[in-house]
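Note sheet for the following structure.
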Amino acid sequence: MATSNMIRIGSRALFLFLSISSLSSAFLARNTFVSPTTTRAVSSGPHFLATVSSPTIEDLSSSQRKLYDFLEDIHKTAYKFRIVVVGSGAILESTHSLGPVMKLNKSPKTGEYLVTLASDDQSFELHVKIEQVAQIMFSEKVIDETNTLKIIRMVQSDSKSVCSLILDETSEDATKWFQSKGSSIDIA
C-alpha cells in the first residue's frame, strides 16, 4: 500500500515537473531571457536555446580586474554621482548612487564584459564595457569660492570619453576619498 502511494505521488510530481518544463521551454523558445544571477539564455532562432554561465571576477584579465575593483570601490562608497554620458546625438545626465546592485555580465551580442551598477528596482542602470576603458582620470574644477567639481572621467585608448562621474557629495570623507585616487589610473 505504501509503495503504491509513493508511486502515485511520484507520478504526480513527475507530471507537474514535465508540465512546468514544457511551459517554460515554450516561453523560452519564443523569447530571449536574461537572468541576472547564474545563467542567461541566448536565442538564435525561434526554437534554439543555449545556456551560458555568468562570468566571475576570476575570468577577468589583470587590467579588467583593475577597473572592476575601482567600480566596486565607487559602488561601496554609496556616494551620489552626477553621471554624464555624451553620445553622438544626445547627452544623458543623471544623479544617483552607483548601486546597491552591482553585477558582472558578458554581452551575448559582443562578448564584452559589462559591469552593471543599478538601483534596486533597476529603474536606473549604468553598464560599463570594461574592455573599452583605458584610463580613469581625476580632476577638480573650481566653479566659485564654495563649489569645486570633483570629476572622474573614464576614457578609451584614443582619449574619447566613455562617461564622466561628478562626485555629488561635499563631506570631508568624500573629498578625502576622491583626493586619495591621485590624478589617474591606467587600466590598459
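Predicted, not measured: the structure shown is a model, and the values here were computed from it.
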| request: Give the cluster check for I152 versus V115: same hydrophobic cluster or not, with ILVMFWY residues linked at side-chain heavy-atom distances below 4.5 Å. | output: yes

Closest heavy-atom pair, G111 versus K106, reported as atoms and distance to 0.1 Å, is O-CE, 2.9 Å

Starting from the C-alpha separation in whole Å, work towards a yes-or-no answer on side-chain contact (heavy atoms from CB on, under 4.5 Å) for I130 and L60.
CA-CA 10 Å; I130 60 176; L60 301 176; 3.7 Å; yes

Query raised in the report: Within a strict 4.5 Å, meaning less than it, do heavy atoms of the M154 and L165 side chains meet?
Result: yes

**Request:** Kindly indicate whether the side chain of D168, heavy atoms from C-beta on, has any atom under 4.5 Å from the side chain of F81.
**Result:** no

Between L114 and S107 the two heavy atoms that sit nearest each other are CD1-CB, 4.2 Å

- Task: Answer whether the closest heavy-atom distance between the side chains of L98 and I83 falls below 4.5 Å.
- Result: yes

Looking only at heavy atoms, the pair that brings S157 and A134 closest together is N-CB, 3.4 Å

Problem set entry | side-chain contact (heavy atoms from CB on, under 4.5 Å) assessment of Y113 paired with I57 | CA-CA 10 Å; Y113 288 109; I57 56 174; over 6 Å; no

In this structure, CD1 of I166 is separated from OG of S139 (nearest 0.5 Å) by 9.0 Å

request  = Kindly indicate, with the supporting measurements, whether the criterion salt bridge (charged side-chain N to carboxylate O under 4.0 Å, His left out) is fulfilled by K181 and D73.
outcome  = CA-CA 11 Å; K181 301 303 175 191; D73 184 34; 2.4 Å; yes

Look at atom CZ of R82 and say whether more than 12 heavy atoms of other residues, nucleotides or ligands are closer to it than 6.0 Å.
yes

Indicate yes or no: at least one non-hydrogen side-chain atom of T116 is less than 4.5 angstrom from one of V101. no

When rounded to the nearest 0.5 Å, the distance separating CD of Q64 from CD of E131 is 4.5 Å

Rounded to the nearest 0.5 Å, the OG1 atom of T175 sits from the CG atom of L167 at a distance of 7.0 Å

Scanning both residues in full, the closest heavy-atom pair of H75 with P100 reads CE1-O, 2.9 Å

d(Q135 CD, S183 OG) to nearest 0.5 Å is 8.0 Å

### Query
With distance as the sole criterion, is a donor-acceptor pair present between the side chains of T56 and E58 under 3.5 Å?
yes

- Item | Heavy-atom side-chain proximity of F70 to V133 below 4.5 angstrom | no

Closest non-hydrogen contact found for V85 with C163 is CG2-CB, 3.8 Å

So the salt bridge (charged side-chain N to carboxylate O under 4.0 Å, His left out) pairs with at least one residue in residues 109-125 (sequence neighbours excluded) are E112-K129

Q | Note, Q179 side chain near E140 side chain (heavy atom, < 4.5 Å) | A | yes

- Looking only at atom types and distance, does a side-chain atom of E93 sit under 3.5 Å from a main-chain N or O of V84, one as donor and one as acceptor? no

Would you say that L149 contacts I143 through its side chain, given a criterion of any heavy-atom pair below 4.5 Å between the two side chains? yes

- side-chain contact (heavy atoms from CB on, under 4.5 Å) between F178 and Y79, worked out: CA-CA 11 Å; F178 180 85; Y79 295 143; over 6 Å; no

Rounded to the nearest 0.5 Å, the CD1 atom of I187 sits from the OH atom of Y68 at a distance of 14.0 Å

Contacts of H96 meeting ring pair (Phe, Tyr, Trp, His ring centres under 6.0 Å) (sequence neighbours excluded), chain-then-number -> F124

Distance col, row S161:OG vs M137:CE, nearest 0.5 angstrom, shows 8.5 Å

* To do: Please assess I136 against L67 for the test side-chain contact (heavy atoms from CB on, under 4.5 Å), listing each intermediate value before the final yes or no.
  => CA-CA 9 Å; I136 304 167; L67 178 58; 3.6 Å; yes

